[in-house]
Amino acid sequence: MEYNFREIEKKWQAKWKETGLYKTEIDNNRPKYYVLDMFPYPSGAGLHVGHPLGYIASDIYARYKRQKGFNVLHPMGYDAFGLPAEQYAIQTGQHPAITTEQNVNRYREQLDKLGFSFDWDRSFKTSDPDYYKWTQWTFIQMFNSYYCNQANQARPISELAEAFAANGTEGLDVAQTKPLEFTAGEWNAASEKEKQEILMNYRLAYLADSWVNWCPKLGTVLANDEVVNGLSVRGGYPVERKLMKQWILRVSAYAERLLQGLDKVEWTDSLKEIQRNWIGRSEGAAVWFPLANPEKPDWKKIYMGCYEGVKNEMAFEIFTTRPDTIFGVTFMVLCPEHEMIETITTPEQKAEVEAYVTWAKNRSERERQAEVKKVSGVFTGAFAINPITEERIPIWVSDYVLSDYGTGAIMAVPAHDSRDFAFARHFNLPIRQVVAPAIDEVSNPDTWEESMDSKTGVCVNSGFITGMPVKEAGKAVIAKINDMGIGYGTVNYRLRDAIFSRQRYWGEPFPIYYKDGMPYTVPENELPVVLPEVDQYLPTQTGEPPLARAKGWTWNGYPREYSTMPGFAGSSAYYLRYMDPKNDKELVSKEADEYWQNVDLYVGGAEHGTGHLIYARYWNKFLFDIGVSCKDEPFQKLINQGMIQGRSNFVYRIVGTNKFVSLNLRKEYETTPIHVDINIVNNDVLDIEAFRNWMPDFKDAEFILENGKYICGWEIEKMSKSKYNVQNPDDLVEKYGADTLRMYEMFLGPVEMAKPWDTNGIEGVSRFIRKFWKLYFDGEGNFSVSDDEPTKGEWKSLHKTIKKIEEDNERFSFNTAVSAFMICVNELQEAKCRKRAILEPLCILMSAYAPHITEELWSLLGHEESILKATYPTYNEQYMVEDEYLYPVSFNGKMRLKMSFPASFGPKDIEPKVLESADVQKWLDGKTPKKVIIVPKKIVNIVF
RNA sequence: GCGGAUGUGGCGUAAUGGUAGCCGCGCCAGACUUAGGAUCUGGUGGCGUAAGCCGUGGGGGUUCGAGUCCCCCCAUCCGCACCA
């Protein structure tokens, strides 16, 4: 019987579906294992060969774990809300739900062909109201929570209101937008609206004016991770800073836990490092610098009086990571957005400062970033007092200080900070050295080429900390400012709160309505708030988001929130929902959550390092705090699949002609390389006829050949339509079958590594699969497996393979596993082995990789049940025992010859025999060995 | 600039500190064929007729022994980038 993969694959895919083979239920008698692929966004282009790489790897592992006795949850669904479908809707008027549906169907069709073991009964898409109901529900819980730094968890906002009624803000230690101070009396006397405004300062989902990334072209704000180099990730449009009222998630409250949690998960170091950088923890000090009122030169009075309750009016809070350099402060810098610029600027400087601030604020993010090295700034005319040295220092404004990190104000230490140094040099401000490698190694900063940013050394010219190592000095300064009541040691994070509003149509509506200008949540029993129909997917005339177009869309007459949620809303808790996808009472039942717990293996691309993987961790930690999820980290082990790059082919056109010269002859001509469709090139040899028919321009093309062939050049590039190097999995499944494609994708190399796609290599795997098939058939092509006792060699081949495959599966080394299968099949073919005792276990081993062919063979072997239910073979060491071992004998570490000794021989038995040998004597060349190292069953090394 | 990863034949890659190049592609030779972009067999790191010598980006080091561990440098890729 010929190996007819088309028939076999179709047959078994239908059968699996019919019998519900991959349906999963809670089973307390078996341990659970949760394998998840990152939520795909179903784009219109469908899958290319790079997409399934991770799905194949996770499917192999899921199947393997099932055969090892685990109850495996392996679901799949779609991240369906998002910009592409909506942009398409704007252009064509077609409802994004329709586009999404089509794309989902296409994805499903492509996935089905690859024979994945997904439990499709658990599937959903984020745009399903049954699903986004729980996204909205979670948002309401965040709205109704604050973060308590003492308990280190989210708590109900009602507790906070009670605390305010009893004690005001006395002793408050919570995450907040800005510090507020009021008494219980003030709270109790406040109106309902005032109370709501105060609470907004603490909610985990809050509404606030903030500087956002506004993308005019997309008509929406974007999160930080959706902007790269000042351009939107989707579409690449310019982004500007804009002050807008937005929904925001207080992700920053979880910064420390997000950082600490990284130590508990098994992710790659590089991904953990990306997250650590994104969270950006820095330890330092917050210090108040009082304003030296130029009209009252007796600043000491102000200084003495300014810390009691009048901080905001009279002083700036700065953040520094180097409190040890406080004696080197020679000026201060405020960001252009700083609130106090207006009040402190002197009349003489007013015009200049205003001009600068206007210029700086109106610059696009992109311009600002492009000109980072250009120093700009302006003097306010005002002075501050260094609270430690009591010196009077000028206050400047510059855009090198960012408004949203720290407090938007810095103490500048030009001698020891490169940016302050550049600024001081540019504006001719004093530079004072306060740190040196040693106490007597002070130099003149005027002679410096750059600042001394060194984090080691000792303090000099620094009053009471002179002579201290910098680390110690920092602590001493913090202690001092604490005593003085003008500052404290603190930690700052780069991680910002996440802007959660999008002025777009195709997303989850907020469960929010407005009364008296304040937001209120829709009652939970009215969820979901279903996305309404609109006549156009564009903003209104007055610039409101598209949802404002929906007719009669109010909550009992109150206006609703017209923004929708961003893409990450729906993808932040989907893994929990898969545990219990049909539950209409809860996001996930206690029973399901406690059984499935969290994702054991998460597979996907590294591009989600700072987006999805931060938000989902935040989201899950919140759900953990409110008791919905029993694990505070959602993804225990994570594998980043490497990108599959395209391999482009080129032809070389001689400039000004329609003549093409073969690769190795092109040096003699002036040529232009032109991308050529990889489908008309085979092993870099161009199909000339196909090329002439490819495009009208090439109809009359002429060629200069080498050895009668036209050889194309090649290059590794991103896979893209315009480069004609896209390889579509459907074509390959059609030509070689899913099992071959699955094994070939694994064979390409380690899953995590980026690698080029080279279709040529698939032939080798295809040959191997057919060879494997033939092991089960006799010369006439009849299925024929004997019950004869295998030979020693056959047993060894099998057990060697069992061991190797198991080890490789456990460490996700699927490429080496495929090659182990090849070796085994080569050996069995060599031995003409057609024995059940060998071929049955081999079939099971390979079923995770090539589920269709093995299922067919399994059934031919006479089994009724699916091979998925088969018991995984156990490795038996006894088959590996050898009587003899062939020792490599090396001289000074270089292998020269081999000698065989009984496996039972120890070093004492081997050494004399080795030294006696004529070959060894020849290599010794009369010299006496200094040492003979013998590692049993490993190596003999003679040192001379 | 900071951080991370990677570097091995013509190509993809393999090697618990122990025989460098397994497996596959490609290439070469042969067999079978009307034919070959089918199948099968053998060969294939470089230099050398050979014995042999040289070889894992470069340079040091640890070790009986280093592709693997340590230090310095180079190249490529990825992430962050005025984060005080």
Side-chain angles (χ1 to χ4, degrees), chain A residues 228-229 268-278 280-282 284 318-322 325 333 335 368-369 371-375 398-402 404-413 416-420 422-423 453 492-496 606-607 609-610 640 642-643 645 647 682-685 687 714 716 744 747-750 752-768 770 807 813 815-823 825-826 886-898 929-935 937-944:
Chain A
V228 172
N229 293 329
T268 60
D269 288 343
S270 85
L271 188 57
K272 285 186 186 184
E273 210 48 41
I274 286 171
Q275 292 224 333
R276 285 191 191 108
N277 289 340
W278 191 259
R281 182 183 202 274
S282 359
I318 61 97
F319 173 74
T320 177
T321 54
R322 296 292 302 273
T325 62
V333 188
C335 66
R368 198 186 61 78
Q369 285 189 8
E371 291 165 15
V372 154
K373 290 280 172 288
K374 266 194 196 161
V375 177
S398 173
D399 66 352
Y400 85 87
V401 176
L402 304 177
D404 51 4
Y405 182 78
T407 57
I410 61 152
M411 62 175 216
V413 185
H416 307 290
D417 179 284
S418 56
R419 297 148 306 179
D420 297 345
F423 194 81
D453 292 5
N492 236 296
Y493 300 90
R494 202 185 77 106
L495 182 71
R496 314 274 159 75
E607 67 274 16
T610 53
N640 285 125
M643 207 181 37
Q645 296 136 311
R647 187 181 189 274
N682 201 302
N683 287 332
D684 294 336
V685 177
D687 180 336
W714 58 272
I716 303 302
Y744 183 55
F747 185 65
L748 281 176
E752 322 83 46
M753 234 157 49
K755 57 226 158 220
W757 177 264
D758 184 0
T759 299
N760 297 326
I762 201 170
E763 298 281 353
V765 174
S766 173
R767 271 195 278 273
F768 152 73
R770 278 174 290 169
E807 281 169 3
S813 178
N815 56 323
T816 52
V818 175
S819 108
F821 283 126
M822 289 175 170
I823 293 166
V825 167
N826 286 345
L886 187 62
Y887 281 89
V889 180
S890 39
F891 294 79
N892 291 334
K894 277 199 194 327
M895 206 283 287
R896 296 302 185 188
L897 52 99
K898 288 176 187 176
K930 282 191 196 129
K931 204 171 179 185
V932 179
I933 286 135
I934 294 166
V935 184
K937 296 208 193 147
K938 277 268 153 62
I939 200 167
V940 176
N941 190 20
I942 299 166
V943 187
F944 66 94

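In what follows, chains are A, B, ... by sequence order, proteins preceding strands, each numbered from 1.
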>> Please determine whether any donor N or O and acceptor N or O are separated by less than 3.5 Å between the side chain of A:Asn941 and the base of B:C64.
In response: yes
>> Which nucleotide wins on minimum distance to the side chain of A:Met895, given the candidates B:C54, B:A20, B:A84?
In response: B:A20
> Would B:G9 be called syn or anti, given that syn covers angles within 90° of 0?
Replying inline: syn
>> Any salt bridge linking A:Arg647 with A:Asp684? Criterion: basic side-chain nitrogen under 4.0 Å from a carboxylate oxygen.
In response: yes
> What nucleotide among B:U19, B:A15, B:A84 has an atom nearest to a side-chain atom of A:Thr816?
Replying inline: B:A15
> Out of B:C23, B:G4, B:A81, which has the shortest distance to the side chain of A:Ser270?
Replying inline: B:G4
> Toward the 5' end of RNA chain B, which comes first, A:Asp269 or A:Ala820, by nearest nucleotide?
Replying inline: A:Asp269
> Among B:G12, B:C23, B:C54, which nucleotide sits nearest the side chain of A:Leu748?
Replying inline: B:G12
> Roughly, in whole Å, what's the span from CG in A:Leu271 to P in B:G3?
Replying inline: 18 Å
> Heavy atoms under 4.0 Å, any strand shown: does A:Met753 hit a base, just sugar-phosphate, or nothing?
Replying inline: sugar-phosphate
>> Mind checking if A:Arg896 touches a base, just sugar-phosphate, or nothing, with heavy atoms under 4.0 Å?
In response: sugar-phosphate
> On a whole-Å scale, what distance lies between the C1' atoms belonging to B:C64 and B:G9?
Replying inline: 30 Å
> Taking the six-membered ring where the residue is Trp, are the ring centres of A:Trp278 and A:Tyr493 under 6.0 Å apart?
Replying inline: no
> Out of B:C11, B:A84, B:G3, which has the shortest distance to the side chain of A:Trp714?
Replying inline: B:C11
> To the nearest Å, how far apart are A:Lys930 NZ and B:U63 C1'?
Replying inline: 14 Å
>> From the set B:A14, B:C80, B:G12, return the single nucleotide nearest to any side-chain atom of A:Phe747.
In response: B:G12
>> Suppose you measure atom P in B:A50 against the same atom in B:A35; what distance do you get, rounded to whole Å?
In response: 36 Å
> With nearest nucleotides of RNA chain B determined for A:Pro750 and A:Tyr405 from heavy-atom distances, which residue corresponds to the more 5′ nucleotide?
Replying inline: A:Pro750
> Quick one: A:Asp758 CG to B:G24 P, roughly how many Å, whole number?
Replying inline: 16 Å
> Whole-Å distance between B:C80 P and A:Arg494 CZ?
Replying inline: 8 Å
> Using atom P of each nucleotide, how far apart are B:A51 and B:U33 to the nearest Å?
Replying inline: 37 Å
>> What's the gap between B:A81 and B:C71 when it is taken at their C1' atoms, as a whole Å value?
In response: 28 Å
> Given the rule in the side-chain hydrogen bond (donor to acceptor under 3.5 Å, both in side chains) test, do A:Thr816 and A:Ser813 qualify, once you have shown the distances and angles that lead to the verdict?
Replying inline: CA-CA 6 Å; A:Thr816 52; A:Ser813 178; 2.5 Å; yes
> Counting side-chain heavy atoms from CB outward, which of B:G24, B:G3, B:C54 is closest to A:Asn826?
Replying inline: B:G24
> When you measure from the side chain of A:Ile933, which nucleotide among B:C23, B:C64, B:A84 comes out closest?
Replying inline: B:C64
>> From the set B:G12, B:C64, B:A14, return the single nucleotide nearest to any side-chain atom of A:Lys755.
In response: B:G12
> Expressed in angstrom and rounded to an integer, what is the separation of A:Trp757 atom CH2 from B:C25 atom C1'?
Replying inline: 13 Å
>> From NZ of A:Lys898 over to C1' of B:G18, roughly how many Å is that when rounded to an integer?
In response: 13 Å
>> What verdict does the side chain to side chain contact (heavy atoms under 4.5 Å, CB included) test give for A:Asp420 and A:Tyr400, after you've listed the backbone C-alpha separation in whole Å, the side-chain angles of each residue and the deciding distance to 0.1 Å?
In response: CA-CA 9 Å; A:Asp420 297 345; A:Tyr400 85 87; 2.5 Å; yes
> Taking atom P of B:G79 as reference, at what distance in whole Å does atom CD1 of A:Ile274 sit?
Replying inline: 8 Å
> Which nucleotide in the set B:C25, B:G79, B:A84 lies at the smallest distance from any side-chain heavy atom of A:Asn277?
Replying inline: B:G79
> For B:G12, which nucleotide in any strand shown is its Watson-Crick or wobble partner with both distances under 3.5 Å?
Replying inline: B:C23
>> Counting the atoms with a prime plus P, OP1 and OP2 as sugar-phosphate, which does A:Val401 contact under 4.0 Å by heavy atoms, base, sugar-phosphate, or nothing?
In response: base
>> Between B:G26 and B:G37, how many Å separate the two P atoms, rounded to a whole number?
In response: 12 Å
>> Taking only the C1' atom of each, what is the distance from B:G3 to B:C11 in whole angstrom?
In response: 32 Å
> Are A:Ile410 and A:Asp417 close enough, and set up right, to give a side chain to side chain contact (heavy atoms under 4.5 Å, CB included), and what steps lead you there?
Replying inline: CA-CA 12 Å; A:Ile410 61 152; A:Asp417 179 284; over 6 Å; no
>> Looking at B:U68, which nucleotide sits across from it as a Watson-Crick or G-U wobble partner, both distances under 3.5 angstrom, or is there none?
In response: none
> Quick one: are A:Asn640 and A:Thr268 in side-chain contact, heavy atoms under 4.5 Å?
Replying inline: yes
> If you measure from the C1' atom in B:C69 to the same atom in B:U62, how many Å do you get, rounded?
Replying inline: 8 Å
> Rounding to the closest angstrom, what is the interatomic distance between B:A29 and B:U6 at atom P?
Replying inline: 40 Å
> Is it true that the side chains of A:Tyr405 and A:Ser282 contain a donor and an acceptor less than 3.5 Å apart?
Replying inline: yes
> In whole angstroms, how far is the P atom of B:G65 from the NZ atom of A:Lys931?
Replying inline: 9 Å
